[in-house]
Every structure is written in C-alpha cells, then in structure tokens.
S.K.: 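One structure, pasted below without further comment.
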Amino acid sequence: MSNYHIKHLEEYFQVYRKSVRNPEDFWEEVAEEHFFWRKRWNSVLEWDFTKPEIKWFDGAQLNITENCIDRHLRSRGDKTAILFEPNDPNEEAEHITYRELHERVCKFANVLKDQGIKKGDRVVIYLPMIPELAISLLACARIGAVHSVVFAGFSSTALATRINDCGAKMVLTSDGSYRGTKTIDLKGIVDEALQHCPNVDTVLVAKRTGEEIPMQKGRDKWLQPLLDKAYSDCVPEIMDAEDPLFILYTSGSTGRPKGMMHTTAGYMVYTAYTFKNVFQYKEQDVYWCTADIGWITGHSYIVYGPLANGATTVMFEGVPSYPDYGRFWEVVEKHKVTQFYTAPTAIRALAKENLDFVTKHDLSSLKVLGTVGEPINEEAWHWYNDHVGEKNCPIVDTWWQTETGGILISPIPFSTPTKPTYATLPMPGVQPALVDENGKEIKGNQVEGRLCIKFPWPSIARTIWGDHQRYKDTYFSAFEGKYFTGDGALRDEVGYYRITGRVDDVIIVSGHNLGTAPIEDSINEHPAVAESAIVGFPHDIKGNALYGYIILKETGETRNRDNLKKEINQLITEHIGPIAKLDKIQFVPGLPKTRSGKIMRRILRKIASKDTSNLGDTSTLLNPEVVEVIMKESL
Ligand code: ATP
Ligand code: MG
C-alpha cells in the first residue's frame with residue numbers, strides 16, 4: 001500500500017485511518033519517500049493551537065525549487081513543465097521544459113540577488129499570467145526571498161496597501177497585460193501605487209505589450225537585459241523547514257484582507273501530496289488549472305503542487321470569453337488536457353451561453369474535472385458533468401482556503417463516489433469537526449454546524465503577517481483548541497461534507513439556522529434564473545427575514561415578475577420548506593463580486609438592512625458600478 005498515491009476507496013479509508021491514528025508517522029513517511037532534503041528534521045510536528053504555534057519538520061533544511069525543478073532534470077529534463085497558452089489564440093503556445101525552467105529560474109534569481117534582494121526580503125509580484133509570473137515565484141524561493149503576489153487585476157490602492165503591509169522593497173511587474181480584447185496599463189497602476197510606498201526602491205519590468213511607458217530613473221529597470229546578462233546557474237539558498245515561503249492576502253470577501261504567511265517544508269509536502277491524489281496525476285498527463293497565480297489556487301495548484309510532482313502545468317493568459325465562449329474547450333482540445341480545474345463562477349458564466357461552444361470541441365482527453373472557490377450549485381454541477389465531462393469524468397469539488405494552503409476536503413477521483421454539491425471526504429491527515437454555537441462538537445451523521453479542524457495539517461498558515469494576535473483571534477479563539485474555518489457545513493448520512501456557506505452568512509429566521517448555499521441552489525433551479533444571492537434583514541416578528549437578489553437569464557427577462565416571484569418561492573418551499581421563503585425579491589443586473597468571482601454578501605446585507613452609510617472595504621470589488629444600481633432599486 002502506498003501512502004502517497006491512493007487508488008481506490010478501500011485504500012483511502014486505510015490511509016485515512018492511519019493518518020489520523022498516527023499523523024506524525026504518516027507525514028514522515030510521505031516526506032521521506034518523495035522529497036529531497038538537505039538535512040533531516042528533528043521532529044515531525046510540534047503544535048499548540050492556544051498560542052497558536054505550529055511547526056512541521058522542524059530542523060529540516062531544503063530548498064523548494066530543488067524539489068520542483070532540479071531533481072526532475074535527470075529523468076524529465078525535456079518534459080514540458082509549463083505550457084503557456086497566450087491570450088491571443090494566434091500567438092504560439094510556449095512549451096517550457098524542466099531544463100529551460102531551471103535556467104530561467106536561476107537567471108531570474110541571480111538578477112534578484114544583483115538587485116540587492118536577500119533571504120527574508122519581501123518581493124511583491126504584480127504580473128499578468130505570463131511565464132515570468134511563475135518563474136518569479138520560483139526565483140524568489142530559490143534565494144529565500146518571500147514572495148507576495150498581488151493579483152494583477154487589483155487597483156493601485158489595493159496594491160499599495162499590500163506592498164506596505166508586507167514591507168516589500170521591490171516590485172516585479174510588466175509594461176502591460178492582455179485580457180481578451182483589452183490591454184491594461186499595469187505599469188501605470190504600479191506608478192500610482194508607489195506614490196504611497198516609500199520603501200520600494202526597485203521595480204523590474206517585464207515586456208509583454210510593448211506599450212511605450214515611463215520609466216523612473218534609478219528605480220525602474222527592464223527585466224530582459226538583466227536576464228540576458230545573468231549567469232544561468234544559481235546555487236539554491238538552504239532554507240529551514242519553517243522559513244517563510246510566501247505571504248498571500250485573502251480575497252477580502254468578508255472584510256479587510258489578511259496576509260497569510262506560509263512556510264516551506266509543510267507547504268511543499270502537503271500541496272504535492274494533495275495534487276497527486278486529488279487530480280490523480282500520471283506522468284503523461286497535461287493538467288490545467290484556470291485560476292490566476294494571484295490566488296492561492298494558482299500558487300498551490302499551478303506552480304508548487306504540480307511542479308513538485310514533475311507535472312506539465314498549463315498557464316493561461318486569457319479569459320474564457322475571448323475570442324469566444326468556447327476558448328476553454330478549444331484549449332483543452334488543442335493541448336489534450338487531462339485534468340481541468342476551474343471555479344463555479346466560470347462554469348455558471350459558460351453554462352449561460354450556447355451549448356455549441358462546448359460540443360464543437362473534442363474533449364475526450366479529459367479525465368478529471370475540478371472546482372473550487374465557492375459552493376457549486378446543483379445545476380452548474382450537472383452542466384459541468386453532462387457537457388464537459390460527458391458523464392465520464394469525476395468532478396472533484398475541492399474545499400479549502402488561502403489559510404489552509406492546500407485542499408482539505410475533496411473526493412479522490414475513481415475512489416470516492418461523487419455527489420453534486422458535496423466536497424465529500426477529508427484528505428488524509430485532515431480532521432474536521434462540526435461544532436455548535438457553544439463550541440461543543442456535534443458527533444454522528446446527518447448533522448450540521450460550524451466547520452472546524454481539530455488537528456494541524458502540514459500546509460496550515462503559520463500567522464497573519466505582522467499581526468499574530470489577529471491570526472489567533474480570527475481562527476483559534478472562537479472554539480478552544482480548534483482551527484475555525486468561518487464556514488458552515490453539514491455531514492450527510494454517509495459522512496460526506498457539504499459546505500453550506502460562510503457562518504457569518506447564516507441567517508436565523510424564526511429561530512431556524514438557514515445557510516445561504518442550499519437556498520440559492522433551489523432558486524437557481526428555476527429555468528429563468530441565472531444566479532442569486534440571499535441575505536438576511538431585520539424583521540419584527542421573525543428576527544430576520546430573507547432578501548433575495550436575483551439575476552435573470554435573457555429568456556427570463558420578458559416574464560411577468562410577480563409570477564416569477566411566486567414560482568421561486570414555490571421552489572424554495574418544495575426544496576427546503578416555507579421557512580426559507582423570501583420576503584423580498586429584487587431582480588438585479590449583476591451581483592457585487594470580488595475579483596476572484598465571489599459574491600460579497602456583506603454589501604448586499606447592508607443594502608437589505610438599509611444601512612448603506614459605510615460599506616466597508618470595497619477595494620477588492622470587481623464591479624462597483626453594480627452596487628449603485630442595486631442601491632437605487634432596493635426594496
Ligand atoms: P476573506 O477570507 O478575505 O473573506 P475568502 O474567504 O473569499 O476571503 P479565499 O481563501 O480565497 O478567500 O476563499 C476561501 C473560502 O471560499 C472558503 O472559506 C469557502 O467559504 C469558499 N470555498 C472555497 N472552496 C469551496 C468549495 N469547494 N465549496 C464551498 N465553498 C468553498
Ligand atoms: Mg476567508
């Protein structure tokens with residue numbers, strides 16, 4: 001039996017039981033057999049959730065890039081490591097082999113060193129989805145610098161806040177970026193941000209769009225000439241297991257973003273392990289995750305997890321709608337993609353379009369489909385399963401967070417039978433618990449509660465950068481001795497988990513706890529509905545009542561609104577019960593979303609409660625204009 005690669009359900013249960021009975025032995029075996037260490041650990045795990053302090057493989061020494069690149073050179077030197085698919089389908093895709101990746105990372109690392117970056121320094125990366133982005137993460141890791149990637153769709157204000165929060169003195173960016181038909185002036189955004197960042201003394205600029213841009217003398221330098229001059233080998237910095245690898249800010253769906261700090265060894269072991277199992281990666285596979293590297297999904301499952309397994313990982317610069325809504329499927333066909341990993345928001349957007357965009361492409365290379373980021377509603381799940389997977393590809397609904405570093409709950413394809421809207425079972429080493437509002441663990445099945453994790457797993461974030469107290473308050477104070485995820489979940493009759501939404505979003509109506517996901521799920525079943533969001537608002541008798549914001553499909557626009565409202569409440573009554581009927585329904589042109597595509601319910605909640613004087617931090621909002629419209633038409 002291999003702990004590292006689970007191949008059937010019985011094996012999963014065996015491995016899982018072992019991982020819980022003796023987590024240290026379990027992870028030690030995985031770490032020993034599958035990674036390259038410069039020095040062995042003194043202890044596998046030391047932890048104390050009250051402080052909180054967590055150390056995995058303490059005393060060990062390694063460099064993560066040796067594990068992601070160097071050790072593959074002998075056996076996989078000519079294998080494609082990164083397959084870059086540009087925004088413009090007429091521009092040629094780029095196949096970067098492991099050998100080339102080694103050279104490019106080394107050169108980049110030497111440039112960083114020449115520019116004065118040392119172990120422990122923070123480097124903010126504000127780059128589009130071009131190879132330099134992945135390479136720059138690895139270049140930082142090569143020399144022990146701490147990278148902090150800021151998604152290149154964020155505003156200058158959001159960028160400046162993050163640069164200052166992590167104390168970076170260098171920013172990596174490009175002249176511009178392509179997104180579909182648009183060209184974005186990235187360097188201009190950086191210039192604006194840097195007016196508020198006195199500590200940044202160097203900006204390295206990659207060339208992508210070729211746009212004429214101002215370069216500030218002494219501060220801004222073109223990257224390419226420096227790379228051309230750089231030496232093509234770079235001795236890796238030997239890092240301690242618990243040295244910081246990166247800082248990454250959460251999406252900001254619920255409030256001020258938190259700079260989660262991840263460390264080296266545990267993060268490497270856990271992302272590699274989960275990548276192998278959740279995607280059942282095999283040597284010849286071509287794996288594609290459509291996330292941006294600016295999110296944790298991109299860090300763990302475009303860069304580190306796949307490369308640690310010697311995989312071929314696709315990096316896509318463009319958007320799903322350019323040149324048309326078939327782009328994803330065109331790329332799958334073109335590169336014979338075997339594993340495809342995306343977000344429910346993308347699936348819903350594509351499901352709204354003509355089915356021809358999917359059916360005209362040959363998707364027979366696909367083996368596994370994945371989703372992450374939000375609860376996936378049943379309709380979207382079936383669309384994905386029927387039309388993309390052609391009922392042949394298990395869907396892995398992966399639940400995890402920026403804080404968790406890697407996937408914690410997910411089916412293992414070909415082992416765990418899937419169930420729509422269920423993330424199903426915990427990964428080996430992960431010990432979930434549902435607790436009630438008093439922190440008491442709710443045992444048994446067919447129960448619902450707040451989702452906590454009782455025991456550390458290797459890639460748990462170690463702190464919030466510069467604010468350990470906030471880390472403790474946010475995750476370890478609500479329920480003693482447990483990591484609190486902020487999400488609610490139910491456990492069904494066989495022990496499968498379903499994430500029901502964020503606990504802050506749970507609405508208590510006449511004493512009943514109602515999660516948002518199942519209600520929205522039933523609304524979305526209505527053929528005229530494209531998407532919906534539910535929030536609570538104060539009600540004299542019920543305590544709270546439900547307010548629904550609903551986007552109609554084009555075909556629904558012409559329908560009588562009063563009838564629609566009745567039918568929607570009818571559906572809710574059938575699926576959940578009359579308690580969950582909506583008191584108010586507002587049809588809206590769009591919903592306020594974060595740039596990672598998640599609904600910002602806290603804004604909708606304020607509008608529904610008529611408390612719009614202070615909407616809180618909206619700097620991560622994708623479409624602020626829609627907030628105005630919703631406010632104007634609110635009921
Ligand atoms: P912030 O913490 O700043 O409010 P965020 O929670 O949106 O932002 P992320 O770490 O990117 O930032 O997202 C993690 C959250 O996304 C989870 O806590 C959960 O609410 C949701 N989520 C992720 N994957 C799933 C999934 N498969 N099913 C349901 N919900 C998911
Ligand atoms: Mg969160």
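For ligands, and for the atoms within them, numbers begin at 1 and follow the listed sequence.
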S.K.: From the options Leu248, Thr620, Thr398, select the one whose nearest heavy atom is closest to atom 27 (N) of ligand 1.
M.R.: Thr398

S.K.: Does the N or O separation between Thr485 and ligand 1 drop below 3.5 Å for any pair?
M.R.: no

S.K.: Would one find an N or O of Gln401, backbone or side chain, under 3.5 Å from an N or O of ligand 1?
M.R.: yes

S.K.: More than 12 heavy atoms of other residues, nucleotides or ligands under 6.0 Å from CD of Glu493: is that the case?
M.R.: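 Yes, enclosed.
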
S.K.: My understanding is that only residues two or more places apart in sequence, or in another chain, count here; which of them pass side-chain hydrogen bond (donor to acceptor under 3.5 Å, both in side chains) with Thr342?
M.R.: Thr290

S.K.: Which of the atoms of ligand 1 are close to Thr402, meaning less than 4.0 Å from one of its heavy atoms?
M.R.: 9 (P), 10 (O), 11 (O)

S.K.: Look only at interatomic distance and state if Val372 has a nitrogen or oxygen under 3.5 Å from any nitrogen or oxygen of ligand 1.
M.R.: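 Min N/O separation from ligand 1 is not below 3.5 Å for Val372.
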
S.K.: With a cut-off of 3.5 Å and sequence neighbours excluded, list every side-chain donor-acceptor pair involving residues 422-436.
M.R.:
residue	atom	partner	partner atom	Å
Asp436	OD1	Asn438	N	2.9
Asp436	OD1	Gly439	N	3.1
Asp436	OD1	Lys440	N	2.9

S.K.: Do Trp457 and Phe455 have ring centres separated by under 6.0 Å?
M.R.: no

S.K.: Within less than 4.0 angstrom of ligand 1, does Gly373 place any heavy atom?
M.R.: yes

S.K.: Provide the number and element of each atom of ligand 1 under 4.0 Å from a heavy atom of Trp400.
M.R.: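 Listed by number with element, the hits are 14 (C), 17 (C), 23 (C), 24 (N).
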
S.K.: Between Trp288 and Phe279, does the ring centre distance come in under 6.0 Å?
M.R.: no

S.K.: Out of Glu403, Glu374, Met600, whose heavy atom is nearest to atom 28 (N) of ligand 1?
M.R.: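 It is Glu374 that holds the nearest heavy atom.
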
S.K.: One thing to verify: whether Arg498 and Asp521 come together as a salt bridge, which I'm taking to mean a side-chain N less than 4.0 angstrom from a carboxylate O.
M.R.: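 Salt bridge flag = yes for Arg498 with Asp521.
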
